[in-house]
Structures are given as C-alpha cells and as structure tokens.
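Written out below as structure tokens is the structure these notes cover.
Worth knowing before you read on, the calculation uses all heavy atoms, side chains too, and leaves out hydrogens, waters and symmetry mates. All residue numbers refer to positions in the sequence shown, counting from 1. Here the structure is a predicted model, which is why all the values come from computation and not from measurement.
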Amino acid sequence: MQNDKLSKVDCAYELLKSDILNVKIPPDTPLKMTWLQKHYNVGSTPLREALTRLESDHLVILQPNKGYIVASASIGELMELYTSRKIIKLHLLDEAIRFGDKYWESDIVATHYSLSRELSPFDEECDYNGYISWTKAHDAFDNALIAAHRSPWLNRFNLLLTEHIRRQGRVFRLLMPSFEKQSFSNAALKSPALRSLYALERYTDLKDAVLNRNLNQVTTFVNKHLDLVMATYKELYVEND
C-alpha cells in the first residue's frame with residue numbers, strides 16, 4: 001500500500017510538473033483540488049503531496065487561505081535565472097576543464113558534430129519536430145561540456161534553473177499578447193541577437209575554447225551568450241509591449 005501511495009504521488013507530481021513546465025497550465029493559474037482530481041484522475045492525498053513537492057521546486061506557490069497557484073513569470077525573473085545559471089555553469093566548466101580526460105574530450109567532439117548535423121531552428125524548413133531534435137542535440141553538447149565536473153549539487157541547481165528558464169521562455173513565446181505566434185525563421189528576421197544565438201559558430205568557438213582549456217575564452221563566450229539572450233528578449237518581447 002505504501003508503494004502504491006508513492007507511485008500515485010510520483011505520477012501526480014510528474015504530470016503536474018510536465019504541464020506547468022510546458023505551459024499547459026499558465027502562470028498564476030489557481031490549482032483547485034476538485035479540478036485537479038477530475039483532470040488527472042488522482043485522489044486528493046497524492047495531489048497534496050505532489051503540490052508540496054512542486055512548491056519546493058518553486059513551480060507552485062501556496063497562498064494563505066487561497067490554496068496553490070502556478071508560479072508567475074516575468075522578464076526580470078527570467079534574466080535573474082539566466083544570470084544565476086551562468087555563475088554555476090562557469091564553475092562547472094572550470095572543474096570540467098581541470099579534470100576532464102580524453103573520453104570527456106571525445107564526447108564533446110561527438111556531440112558537437114551531432115549538433116552540426118541538425119537543421120538550425122531559424123531555418124525556414126525547420127518545423128516543431130526539427131526544433132525539438134535540435135534542442136536535444138544542443139542539450140547533449142551542453143551536458144558533455146560540463147560532464148567532468150566534481151560538483152553534483154551545483155549541477156542539480158543547474159538543471160533546476162534550466163527547467164525554470166525553459167518554462168519562462170515558453171510563457172513568453174506562447175502567452176505574450178504582443179508577440180505574434182511565428183516560426184523561429186520569422187522571429188530571427190526580427191532579432192539579430194536570435195540569429196547569433198542559434199548560429200553554429202558560437203558552439204564551435206565554445207567547443208574549441210573548452211578543449212584548449214582556455215577558461216578566459218570560455219568565460220567570454222558564456223558572458224556573450226547571456227548578452228545575446230537579454231538582447232533577444234528585448235528585441236522580440238519588450239520593445240513590442
């Protein structure tokens with residue numbers, strides 16, 4: 001019975017988390033227990049435990065006398081998430097550069113090659129499935145760069161921040177009233193920063209700097225990435241408000 005209870009909690013947690021991360025449940029949505037029970041076909045006890053876990057993930061907020069709501073989203077918070085992840089990522093990259101071996105190097109080369117074979121997200125022929133495929137290749141390369149780190153807790157924070165960044169990014173792509181739903185190719189026409197952000201050359205330069213164990217260059221490229229992210233959101237979202 002205990003295992004069954006845990007499986008129901010895990011199921012409720014994963015379903016709710018997925019829907020929140022993918023903005024199927026938008027920010028600031030009240031999470032009424034009756035609706036949750038009907039929608040997910042799960043009892044109130046597993047749902048309450050799942051909501052408690054999601055609160056610790058900072059994906060839902062418990063309001064006194066009102067119940068749970070989905071965490072909000074804002075450009076300011078998104079930028080803070082990116083800045084925090086940059087600090088952590090630079091530490092992980094520093095450790096990977098110091099401790100990485102030839103197998104770590106070969107994995108970086110292999111994942112970069114796989115990324116280079118993907119259709120760019122802003123290519124007009126790239127559809128949604130193509131974007132998902134590019135994202136998976138990007139994540140594999142990104143993970144390979146830091147794989148030799150020695151800080152598992154910092155990497156857990158890195159993964160958590162990445163989840164929140166992607167949720168908030170989806171919020172602005174899907175829900176901003178001033179932003180027309182458009183393909184990445186159309187968005188890239190409006191945003192020079194976005195074109196640069198998805199250019200393969202950026203990842204090639206970062207790969208070479210990491211393999212050459214040049215932390216100063218790596219830091220420069222990571223900082224440049226953050227600058228481009230901020231510029232992209234300004235070009236696509238803020239100036240259109």
Side-chain angles (χ1 to χ4, degrees), residues 13 16-31 51-64 66 68-96 121 135 138-139 141-143 145-146 149 151-179 184 187 190-198 202-203 206 215-216 218-241:
Y13 170 76
L16 259 172
K17 182 178 181 180
S18 176
D19 284 352
I20 292 171
L21 289 176
N22 289 292
V23 202
K24 292 182 180 179
I25 307 178
D28 304 311
T29 299
L31 297 170
L51 288 167
T52 299
R53 288 172 60 179
L54 289 166
E55 184 182 16
S56 68
D57 292 338
H58 303 287
L59 290 172
V60 305
I61 298 170
L62 179 60
Q63 295 185 323
K66 292 184 179 180
Y68 287 98
I69 65 167
V70 178
S72 61
S74 70
I75 290 290
E77 184 177 359
L78 180 60
M79 292 303 103
E80 181 185 357
L81 289 167
Y82 266 111
T83 302
S84 299
R85 189 178 65 167
K86 183 198 76 171
I87 295 170
I88 292 174
K89 188 171 182 179
L90 283 173
H91 182 91
L92 296 173
L93 283 166
D94 180 24
E95 289 188 342
T135 299
H138 167 274
D139 288 352
F141 172 68
D142 206 45
N143 290 333
L145 290 174
I146 62 174
H149 70 81
S151 301
W153 271 105
L154 278 181
N155 192 47
R156 291 187 187 102
F157 294 138
N158 177 54
L159 294 173
L160 179 62
L161 288 166
T162 300
E163 285 186 339
H164 280 270
I165 286 169
R166 290 190 172 168
R167 180 183 82 95
Q168 297 224 11
R170 293 182 187 110
V171 167
F172 291 105
R173 286 199 300 273
L174 297 174
L175 301 181
M176 285 285 283
S178 62
F179 182 63
F184 277 92
K190 295 185 177 182
S191 173
L194 183 63
R195 291 196 296 274
S196 182
L197 197 59
Y198 283 105
R202 285 193 58 258
Y203 301 99
L206 180 58
L215 184 60
N216 288 333
V218 169
T219 301
T220 298
F221 292 140
V222 172
N223 286 331
K224 177 63 176 177
H225 178 87
L226 180 60
D227 291 342
L228 287 171
V229 169
M230 291 181 172
T232 295
Y233 278 91
K234 181 178 179 181
E235 291 167 355
L236 289 178
Y237 307 110
V238 176
E239 291 184 346
N240 291 332
D241 285 356

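- The structure places CG of Leu16 at 5.5 Å from CD1 of Ile25, a figure rounded to the nearest 0.5 Å.
- A donor-acceptor contact shorter than 3.5 Å links the side chain of Arg170 to the backbone of Leu21.
- Residues Glu95 and His91 have side chains that bring a donor and an acceptor to within less than 3.5 angstrom of each other.
- Taking CZ of Arg85 as the start and CG of Leu159 as the end, the distance is 10.0 Å to the nearest 0.5 Å.
- For Asn22, the side-chain hydrogen bond (donor to acceptor under 3.5 Å, both in side chains) criterion is met by Ser18, not counting sequence neighbours.
- Looking only at side-chain heavy atoms (C-beta outward), Lys224 and Thr220 stay at 4.5 Å or farther from each other.
- Shortest non-hydrogen contact noted between Ile69 and Pro30 is CG2-CA, 3.8 Å.
- In this structure, the side chain to side chain contact (heavy atoms under 4.5 Å, CB included) partners of Ala193, at least two apart in sequence or on a different chain, are Ser191, Leu228, Ala231, Thr232, Glu235.
- Here the closest heavy-atom approach between residue Leu197 and residue Tyr203 is recorded as O-OH, 3.2 Å.
- Side-chain contact between Asn158 and Ile146: present, with at least one pair of heavy atoms (C-beta onward) separated by less than 4.5 Å.
- In this structure, Pro27 and Arg167 approach most closely via the heavy-atom pair CG-NH1, 3.8 Å.
- Annotation: salt bridge (charged side-chain N to carboxylate O under 4.0 Å, His left out) contacts of Asp227 (sequence neighbours excluded): none.
- Applying the ring-ring contact (aromatic ring centres under 6.0 Å, His included) criterion to Tyr82, with sequence neighbours excluded, gives no partner residue.
- For the ring-ring contact (aromatic ring centres under 6.0 Å, His included) test, no residue two or more places apart in sequence or in another chain qualifies with His225.
- By the side-chain hydrogen bond (donor to acceptor under 3.5 Å, both in side chains) test, Asp57 is found to be paired with Tyr13, residues two or more places apart in sequence or in another chain being considered.
- Heavy atoms only, all atoms of each residue included: Leu206 and Leu145 are closest at CD2-CD1, 3.6 Å.
- Considering only residues two or more places apart in sequence or on other chains, Thr219 meets the side-chain hydrogen bond (donor to acceptor under 3.5 Å, both in side chains) condition with none of them.
- With sequence neighbours excluded, no residue satisfies salt bridge (charged side-chain N to carboxylate O under 4.0 Å, His left out) with Arg202.
- Listed for the Ser196 side chain is no donor-acceptor partner under 3.5 Å among the backbone atoms of Pro192.
- Here Ile88 contributes atom CD1 and Leu161 contributes atom CG; the two are 5.0 Å apart, rounded to the nearest 0.5 Å.
- Of all non-hydrogen atoms in Val171 and Ala73, the two that sit nearest each other are CG1-CB, 4.0 Å.
- Partners of Glu55 under the side-chain hydrogen bond (donor to acceptor under 3.5 Å, both in side chains) rule, at least two apart in sequence or in another chain, do not exist in this structure.
- Distance check, rounded to the nearest 0.5 Å: OG1 of Thr52 to OH of Tyr68 gives 4.0 Å.
- The salt bridge (charged side-chain N to carboxylate O under 4.0 Å, His left out) check on Lys86 picks up nothing, with sequence neighbours excluded.
- With sequence neighbours excluded, the residues forming a salt bridge (charged side-chain N to carboxylate O under 4.0 Å, His left out) with Glu163 are Lys17, listed by chain and number.
- Note that CG of Leu93 is 8.0 Å distant from CG of Asp142, once rounded to the nearest 0.5 Å.
- Asp94 contributes no side-chain N or O that, together with a main-chain N or O of Leu90, makes up a donor-acceptor pair within less than 3.5 Å.
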Exercise. How far apart are the C-alpha atoms of His149 and Leu154, what are their side-chain angles, what is the distance that settles it, and do they pass the side chain to side chain contact (heavy atoms under 4.5 Å, CB included) test?
Worked result: CA-CA 9 Å; His149 70 81; Leu154 278 181; over 6 Å; no
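- To the nearest 0.5 angstrom, Leu78 atom CG is 6.5 Å from Ile165 atom CD1.
- Residues passing the side chain to side chain contact (heavy atoms under 4.5 Å, CB included) test with Ser74 are Glu77, sequence neighbours excluded.
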